[in-house]
K.L.:
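Sharing a structure below in structure tokens format, with a few things to ask.
Positions are given from 1 along the sequence.
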Amino acid sequence: MIFQKIRWIFHPIFIFIFLTTAIITTFLLYIYWYIEITEGLNYFVETFNLDPGQILKTQTGFVFLVISMLATLILFSMFTAFIYYKKTLNLYRQQHNFIYNFTHELKTPVTSINLYLETLLKYKISEEDKNKYIKYMLSDINKLSNDISRILNLAKLESDFYESNFIKVNLVHKIKDFYNKNKHLFNKIKIDIKNELKKEEYVKLNLALFNMVLMNIIINAIKYNVREDKKIHIRIYEEKNKIAIEFEDNGIGINKKDLKKIFKKFYQIKKKEDEKGSGLGLYLIKNIAKIHKWKIKVNSIENEGSKFILLMNKE
């Protein structure tokens with residue numbers, strides 16, 4: 001309760017006003033101090049018949065040096081507080097958008113499932129229609145489960161829960177195995193996997209996190225693509241003693257303005273109004289790469305497609 005009452009003291013705007021008042025007060029006090037000290041030194045010089053040029057010159061330089069240092073420090077503090085405020089405000093806006101969009105993501109399938117269940121209870125329908133509604137409900141439940149998993153995975157990542165669960169795997173085999181197990185989810189896109197490695201290569205990774213990377217990249221390639229012939233080419237090759245996995249799609253691409261921001265938490269590329277997202281997919285990928293000490297690069301041409309490249313250390 002006490003902390004809630006004094007929380008306003010730590011607000012960036014209050015800090016900014018406080019620092020502005022402090023710098024003005026400091027200048028006034030130092031002007032006053034300078035006048036007082038100068039009068040005192042003049043009296044000292046006259047009393048002991050000293051050379052006023054040397055004494056007053058040294059004193060003046062010292063005063064201005066101290067004033068300059070304090071002014072610089074205060075101005076730097078003001079600038080830091082302002083930047084902090086801007087970043088906090090931006091994060092607040094992103095979190096607000098995330099909550100709104102995520103609520104929408106959860107509400108839509110829940111409403112849909114409720115509607116189908118009411119229909120099944122109220123009306124006598126054919127077995128064919130019943131099976132069709134059940135498939136729709138299962139699809140909505142799948143969507144809900146994926147959204148909840150994204151939030152749980154984010155919490156695990158940020159608490160370093162995954163860091164110790166690493167195993168040595170054959171990279172190409174794992175990518176193909178992932179595709180074979182999940183290809184029923186990717187029926188809207190054509191996936192081509194090309195292995196250009198000269199020999200079998202192994203990497204040390206967390207399998208659950210690696211699957212998350214593959215899933216997020218492929219789902220994004222589907223979501224951010226308005227073509228009828230959606231494609232993603234996955235190429236595995238060697239680059240400067242590292243193993244590279246390249247994901248190249250023919251989607252809407254990313255403009256230069258967004259390229260520097262796409263890996264930020266809650267950041268979303270603007271797309272069709274009826275499509276909502278969480279802004280966590282690429283943020284998760286970036287953090288997974290960081291945990292594994294991988295590098296991730298992205299190249300994109302707007303309206304032509306995007307290319308994500310993961311650079312991994314050999315085992």
K.L.:
So, S306 side chain and S300 main chain: donor-acceptor pair closer than 3.5 Å or not?
P.N.:
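Absent.
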
K.L.:
So, do F263 and V298 sit near enough that their side-chain heavy atoms are less than 4.5 Å apart?
P.N.:
yes

K.L.:
Any side-chain heavy atom of L282 sitting closer than 4.5 Å to one from N216?
P.N.:
no

K.L.:
With sequence neighbours excluded, give me every side chain to side chain donor-acceptor pair (under 3.5 Å) pair touching residues 184-198.
P.N.:
D192-H233, E196-R235

K.L.:
Apply side chain to side chain donor-acceptor pair (under 3.5 Å) to E302 and list each qualifying residue two or more places apart in sequence or on a separate chain.
P.N.:
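Once residues adjacent in sequence are excluded, E302 has no partner under the side chain to side chain donor-acceptor pair (under 3.5 Å) criterion.
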
K.L.:
Between L171 and I245, is there a side-chain heavy-atom distance shorter than 4.5 Å?
P.N.:
yes

K.L.:
I'd like to know if the side chain of N170 reaches the main chain of H173, judged simply by a donor and an acceptor atom lying under 3.5 Å from each other, with no hydrogens or angles considered.
P.N.:
yes

K.L.:
When the side chains of residues 114-122 are checked against the rest of the protein, which donor-acceptor pairs come out under 3.5 Å, sequence neighbours left out?
P.N.:
residue, atom, partner, partner atom, Å
N114, ND2, E118, OE2, 3.4
T119, OG1, L115, O, 2.8

K.L.:
Any sub-3.5 Å donor-acceptor pair from K242's side-chain atoms to E239's backbone N or O?
P.N.:
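The answer is no, because no donor-acceptor pair under 3.5 Å joins these two groups.
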
K.L.:
Let me check something: do I193 and I222 share a hydrophobic cluster, defined by ILVMFWY side-chain heavy atoms less than 4.5 Å apart, either directly or through other members?
P.N.:
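Shared cluster, yes.
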
K.L.:
Linking I/L/V/M/F/W/Y whenever any side-chain heavy atoms sit under 4.5 Å apart, do V226 and I301 land together?
P.N.:
no

K.L.:
Should the pair W294 and H292 be assigned to parallel (<30°), tilted (30 to 60°) or perpendicular (>60°) ring geometry?
P.N.:
parallel

K.L.:
Return the CD1 to NZ distance between I191 and K183, rounded to the nearest 0.5 Å.
P.N.:
10.5 Å

K.L.:
Applying side chain to side chain contact (heavy atoms under 4.5 Å, CB included) to F186 and K230, what does each step give before you reach the verdict?
P.N.:
CA-CA 10 Å; F186 311 136; K230 297 178 177 67; over 6 Å; no

K.L.:
Treat each ILVMFWY residue as a node, draw an edge where side-chain heavy atoms are under 4.5 Å apart, and state whether I309 and L214 are in one component.
P.N.:
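No, I309 does not connect to L214 through the hydrophobic network.
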
K.L.:
Is there a side-chain contact between I232 and E248 in this structure, where contact means two heavy atoms from C-beta onward sitting under 4.5 Å apart?
P.N.:
no

K.L.:
Going from CG on L311 to NZ on K240, what distance comes out if it is rounded to the nearest 0.5 angstrom?
P.N.:
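If we round to the nearest 0.5 Å, L311:CG and K240:NZ are 9.0 Å apart.
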
K.L.:
Evaluate the side-chain proximity of I236 to E246: yes if any heavy-atom separation is below 4.5 Å, no if none is.
P.N.:
no

K.L.:
Taking side chain to side chain donor-acceptor pair (under 3.5 Å) as the definition, give me every residue that meets it alongside N220, ordered by chain and number, with sequence neighbours left out.
P.N.:
none

K.L.:
Taking atom CD1 of I234 and atom CZ of F308, what is their separation to the nearest 0.5 Å?
P.N.:
13.0 Å

K.L.:
To the nearest 0.5 Å, how far apart are CG in N303 and CD1 in I254?
P.N.:
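Between N303 CG and I254 CD1, I get 12.0 Å after rounding to 0.5 Å.
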
K.L.:
For the CG atom of N255 and the CG atom of D258, what is their distance to the nearest 0.5 Å?
P.N.:
4.0 Å

K.L.:
When you look at N250 and N225, which way does the side-chain hydrogen bond (donor to acceptor under 3.5 Å, both in side chains) test go after all the steps?
P.N.:
CA-CA 7 Å; N250 63 340; N225 197 326; 2.8 Å; yes

K.L.:
Is V203 linked to F166 within one hydrophobic cluster, defined over Ile, Leu, Val, Met, Phe, Trp and Tyr using a side-chain heavy-atom separation of less than 4.5 Å?
P.N.:
yes

K.L.:
Answer yes or no: is there an ion pair linking K314 with E238, defined by an N-O contact shorter than 4.0 Å?
P.N.:
yes

K.L.:
For residues 174-181, dump all side-chain donor-acceptor pairs below 3.5 Å to protein atoms at least two apart in sequence or in another chain.
P.N.:
residue, atom, partner, partner atom, Å
D177, OD2, K181, NZ, 3.3
N180, ND2, K176, O, 3.1

K.L.:
Once you round to the nearest 0.5 Å, how far does CG of D249 lie from CZ of R227?
P.N.:
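Rounded to the nearest 0.5 Å, the CG-CZ separation comes to 9.5 Å.
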
K.L.:
Sort and list the pairs that fulfil salt bridge (charged side-chain N to carboxylate O under 4.0 Å, His left out) and have at least one residue in residues 131-140, not counting sequence neighbours.
P.N.:
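Qualifying pairs: D129-K132.
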
K.L.:
Evaluate side chain to side chain contact (heavy atoms under 4.5 Å, CB included) for M312 paired with L205, printing each intermediate quantity in order.
P.N.:
CA-CA 10 Å; M312 314 165 84; L205 51 76; 4.1 Å; yes

K.L.:
For residues I296 and Y237: do they belong to one hydrophobic cluster (side chain heavy atoms under 4.5 Å, members Ile, Leu, Val, Met, Phe, Trp, Tyr)?
P.N.:
no

